There are 2 protein chains.
Amino acid sequence: MAAKPRPSQRAVPVIGEDSRAGAEAARLDLGILEGHLGYFVRRLQVEIFQQLITALAPFNVRPAQFSVLVLIERNPGQPQAAIARSLNIERAALAKMLHELERRGWIQRLPSVDDGRSHALFLTGAGEDALTRIKALAQDHERRLERRLGARRYRELAALLKDFG
Amino acid sequence: MAAKPRPSQRAVPVIGEDSRAGAEAARLDLGILEGHLGYFVRRLQVEIFQQLITALAPFNVRPAQFSVLVLIERNPGQPQAAIARSLNIERAALAKMLHELERRGWIQRLPSVDDGRSHALFLTGAGEDALTRIKALAQDHERRLERRLGARRYRELAALLKDFG
DNA sequence: CGCGGATTGTTGTCAATGACAACATTTACA
DNA sequence: TGTAAATGTTGTCATTGACAACAATCCGCG
């Protein structure tokens, strides 16, 4: 059986193509993706995280680790399950992460006085020092993001998202 | 050497804790995370993707595959590199994804008439049929998202993000 | 008190993903 | 022409998320 008729490779003649050779590659038509909020949220999130990971690279800290450290600092003595619930991460994933943070000497787990099953989480002195510096790097990153988005868009986005959460 | 003095496990007496047993677990203080736009963008993105993956489960299609199909439909005959650039995914990752889509009989790759290195990408008839149904599922998902966010917040978020992109 | 169910922390596995490097082929340009 | 760049492909590596299973412990109820 013969192959189906080959569709024209010029059916859509590259709308808006820049005829100058060497120009930046033309962006394609996103079609229905333009109507999907998740597409844009995803792109923004990926860009923000890439830059944040770069910003935190001096301490070799991932965004998830950063958020865990912040929650322990602000909520000392809480058990792992409370941290995991508040950050929407699995207990299993948090347990592995905490092993690493403990290995670095940034946190300590003490047996809970209230509940024999749970561990009370605290930052160590070294953890507090490290987190202070890490938070400064994260703040720098946030300022860059604000400049990148424009102060007005940044402010409106933050208001919408916080109001929603 | 003695253990360092154990910090009080009641340093912060669980602000706003609900004294009723069995109530939903109290949310912890997010601290500086409240000032990081990326935290909220991430949470929204994860929620949207989880729901979208569920919505597309009948076709066993992932969001990335969906976006690739849409771009091929709207830009038939384009080479892989153009798709990859437009979606911010690696050529290597796209190549693997296209193998799977080709295996399902949804796309075909024809040798480009212009460039001996590249493949011109097209949907097959089956691919068009599948994508039509997949887009309908994605639209249902988008409507649910609009209800979840509230029509006004949805509209404002979409405007801000599109304007930015 | 004793028991069953729920919770906590842990370990292990599995699949999916992203980031890289390397490569052959082909094109573009100086 | 010859050198650099682009394209598609393969393979590897580390990371991640989602699950299941497990021991220890707590809770509620008879």
Side-chain angles (χ1 to χ4, degrees), chain A residues 20-26 42-43 45-47 49-50 53-54 56-57 60-65 67-68 72 77-103 107-121, chain B residues 20-26 42-43 45-47 49-50 52-54 56-57 60-68 72 77-103 107-121:
Chain A
R20 287 172 301 149
E24 311 78 31
R42 167 74 174 172
R43 286 190 77 125
Q45 186 262 318
V46 168
E47 177 179 332
F49 264 50
Q50 281 174 345
I53 291 170
T54 302
L56 301 186
N60 197 25
V61 168
R62 310 263 321 165
Q65 293 172 316
S67 64
V68 167
I72 296 177
Q78 288 292 320
Q80 298 180 191
I83 304 285
R85 266 193 304 268
S86 295
L87 289 177
N88 265 349
I89 53 185
E90 289 205 0
R91 278 176 305 139
L94 180 61
K96 292 161 188 166
M97 209 182 307
L98 291 177
H99 285 320
E100 171 62 18
L101 295 178
E102 197 172 27
R103 195 189 62 76
I107 66 163
Q108 61 180 156
R109 311 138 102 106
L110 301 180
S112 170
V113 295
D114 301 329
D115 189 330
R117 296 167 299 179
S118 57
H119 299 166
L121 299 175
Chain B
R20 288 172 301 150
E24 311 80 29
R42 168 73 175 173
R43 285 190 78 126
Q45 186 263 319
V46 168
E47 178 179 332
F49 264 51
Q50 281 175 347
L52 179 58
I53 291 170
T54 302
L56 301 186
N60 197 25
V61 168
R62 311 264 320 163
Q65 293 172 316
F66 170 62
S67 64
V68 167
I72 295 177
Q78 288 293 319
Q80 297 180 190
I83 304 285
R85 266 193 303 268
S86 294
L87 289 177
N88 264 348
I89 53 185
E90 289 205 2
R91 279 175 304 139
L94 180 61
K96 292 161 187 167
M97 208 182 309
L98 291 177
H99 285 319
E100 171 62 19
L101 296 177
E102 196 170 27
R103 194 190 63 76
I107 66 162
Q108 60 181 157
R109 311 139 101 105
L110 301 180
S112 170
V113 295
D114 300 331
D115 189 328
R117 296 168 298 181
S118 58
H119 298 167
L121 300 175

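Small disclaimer: the values here were computed from a predicted structure and weren't measured. Throughout, protein chains are lettered first and strands after them, A, B, ... in sequence-line order, and every chain is numbered starting at 1. Keep in mind that the numbers below use all heavy atoms, side chains included, and drop hydrogens, waters and symmetry copies.
The residue among B:Ala81 and A:Gly116 whose nearest nucleotide of DNA chain D lies closer to the 5′ end is B:Ala81.
You won't find any donor-acceptor pair under 3.5 Å spanning the side chain of B:Arg117 and the base of C:dT27, going by distance alone.
In this structure, CG on A:Leu98 lies 5.5 Å from CG on A:Leu121, to the nearest 0.5 angstrom. Taken to the nearest 0.5 Å, the CZ atom of A:Arg117 stands 13.0 Å off from the CD atom of A:Gln80.
For the salt bridge (charged side-chain N to carboxylate O under 4.0 Å, His left out) test, no residue two or more places apart in sequence or in another chain qualifies with A:Arg91. The side chain to side chain contact (heavy atoms under 4.5 Å, CB included) check on A:Ile53 picks up A:Arg62, A:Pro63, with sequence neighbours excluded. Every side chain to side chain contact (heavy atoms under 4.5 Å, CB included) that B:Arg42 has, sequence neighbours left out, goes to A:Gln45, A:Phe49, B:Gln45, B:Val46. Applying the side chain to side chain contact (heavy atoms under 4.5 Å, CB included) rule to B:Arg43 yields the partners A:Asn88, B:Tyr39; only residues at least two apart in sequence or on another chain are considered.
In this structure, B:Arg62 places its CZ atom 16 Å from P of D:dT16, rounding to the nearest Å. One interatomic measurement links the two molecules: NE2 of B:His119 to C1' of C:dT25, which rounds to 10 Å at whole-angstrom precision. Rounded to an integer number of Å, the gap from A:Glu90 CD to C:dT11 C1' is 13 Å.
Proximity of A:Glu90 to A:Lys96: side-chain heavy atoms (C-beta onward) are nowhere separated by under 4.5 Å. A:Leu87 is not listed as a side-chain neighbour of A:Leu94, based on a closest heavy-atom distance of 4.5 Å or more.
Among the atoms of the strands shown, none is found under 4.0 Å from any heavy atom of B:Gln65.
Interface residues of residues 92-103 of chain A facing DNA chain C, ordered by number: A:Ala92, A:Ala95, A:Lys96, A:His99; criterion, heavy-atom separation under 4.0 Å.
When the local axes at the two ends of the helix from C:dC1-D:dG30 to C:dA30-D:dT1 are compared, using 5 base pairs at each end, they differ in direction by 30° after rounding to 10°.
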